[in-house]
2 protein chains.
Amino acid sequence: MSPSHIHVPTDCRTVTEILSRVGDKWSVQVVVQMGEGPKRFNELRRAVTGISQRMLTLTLRGLERDGLVTRTVYPTIPPRVDYQLTGLGCSLLKTVRGLGDWAIQNRDEILAARRRFDSGGDERDETHSDAA
Amino acid sequence: MSPSHIHVPTDCRTVTEILSRVGDKWSVQVVVQMGEGPKRFNELRRAVTGISQRMLTLTLRGLERDGLVTRTVYPTIPPRVDYQLTGLGCSLLKTVRGLGDWAIQNRDEILAARRRFDSGGDERDETHSDAA
DNA sequence: CAGCATCCGCTTGGATACTG
DNA sequence: CAGTATCCAAGCGGATGCTG
């Protein structure tokens, strides 16, 4: 029942909502890993360097909750659990790759700007004597 | 001197780097506001609902540091400071809109999945009796 | 193997008060 | 108007130990 005919230019709250879903420390990396197909828990753990077991669990729960991944349990011994992107998850992955490409393309420029800012912290802006 | 000929599919570290830049609570909203043209400090403050003065300052400093916005000071009384997107900032805005559109399009589906997950927390996955 | 529970530090961010 | 400085609470995330 949302008024979808009112096309707000990039509705702020919704974007923020999604960004906080995807903007955490690990979600994107985990999603990217699953882009190559279904993955088991420890497989993901090894693939995503530096992630703790706790955070992998939490991240996967969050993604599952939002319908981005499915969790399939095989009650064998030892147990086996597969995580896989849903259609929604795949489409998110595609979109995130857009941001990823941007990041890769502009990484050097950003790092340069950062160094410039960090070294000289006083001549960074043009002070205009003229005013309204 | 980075080996740019090795095209890693969405280099994980770089993406994470940028996401943590843009994935904080306010950056995107601030950037979106500036997309409509240069803005003064309190103008941004009013436009971005809920932001504290402290966080607006920090957010703008961060964006300026990364070369995404410029800060122009008019030493008048009272002082006036304009913030404006750089070319880099504009290109980021465009990219972020991609994610924004995705968010808007799939918002309902995500919220539905979330409700489903939160209500029944046990029948959420298919347990397969078959295994490897 | 795939988790859950606990503890604990660090960072993020809000509220408030003060300044040029 | 456009900040800076301080204090403080909540949440994120790491380390460790235990379970089915």
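In what follows, chains carry the letters A, B, and so on, assigned in the order in which the sequence lines appear, proteins first and then strands, with residues in each chain numbered from 1. Just the heavy atoms: all of them, side chains too, but no hydrogens, waters or symmetry mates, feed the values below.
- Of the side-chain N and O atoms in A:R71, none sit less than 4.0 angstrom from OP1 or OP2 of C:dA2.
- Across all their heavy atoms, B:L93 and B:G35 have their closest contact at CD2-CA, 3.6 Å.
- Rounded to whole Å, the distance from CZ on B:R45 to P on D:dT4 is 13 Å.
- Residue B:I77 contributes atom CD1, which lies 13 Å from atom P of C:dG20 at whole-angstrom precision.
- For B:I51 and D:dA2, the CD1 to P distance is 14 Å, given to the nearest whole Å.
- Toward the 5' end of DNA chain D, the nearer of the two residues A:P78 and A:S52, judged by each one's closest nucleotide, is A:S52.
- The CG atom of B:D24 sits 16 Å away from the P atom of C:dT11 (whole-angstrom rounding).
- Rounding to the nearest 0.5 angstrom, the gap separating the CZ atom in B:F41 from the CG atom in B:L60 is 6.5 Å.
- Exactly one residue among B:L85, B:V96, B:V22 makes a side-chain contact (heavy atoms from CB on, under 4.5 Å) with B:V31. That residue is B:L85.
- Distance CD (B:E64) to C1' (D:dG3): 13 Å, rounded to an integer number of Å.
- Taken to the nearest 0.5 Å, the CD atom of B:Q29 stands 11.0 Å off from the CG atom of B:L56.
- Atom OG1 of B:T59 and atom CD of B:E64 lie 12.5 Å apart (nearest 0.5 Å).
- Residue A:P79 places its side chain closer to D:dG20 than to any other of C:dG13, D:dG20, D:dG3.
- Note: CZ (A:R54) to P (D:dC12) measures 9 Å, nearest angstrom.
- Side-chain atoms of A:Q53 lie closest to C:dG3 of the nucleotides D:dA5, C:dG3, C:dG14.
- Atom CG in B:N42 sits roughly 7 Å away from atom C1' in D:dA2 (whole-Å rounding).
- For the pair B:Y83 and D:dC1, the criterion of a side-chain N or O lying under 4.0 Å from OP1 or OP2 is not met.
- Minimum atom distance to the side chain of A:K25 is reached by D:dG14, of the listed D:dG14, C:dG14, C:dG3.
- Atom P of nucleotide C:dA2 and atom CG of A:D82 are separated by 8 Å, given to the nearest angstrom.
- Minimum atom distance to the side chain of A:R40 is reached by C:dC1, of the listed C:dG14, C:dC1, D:dG3.
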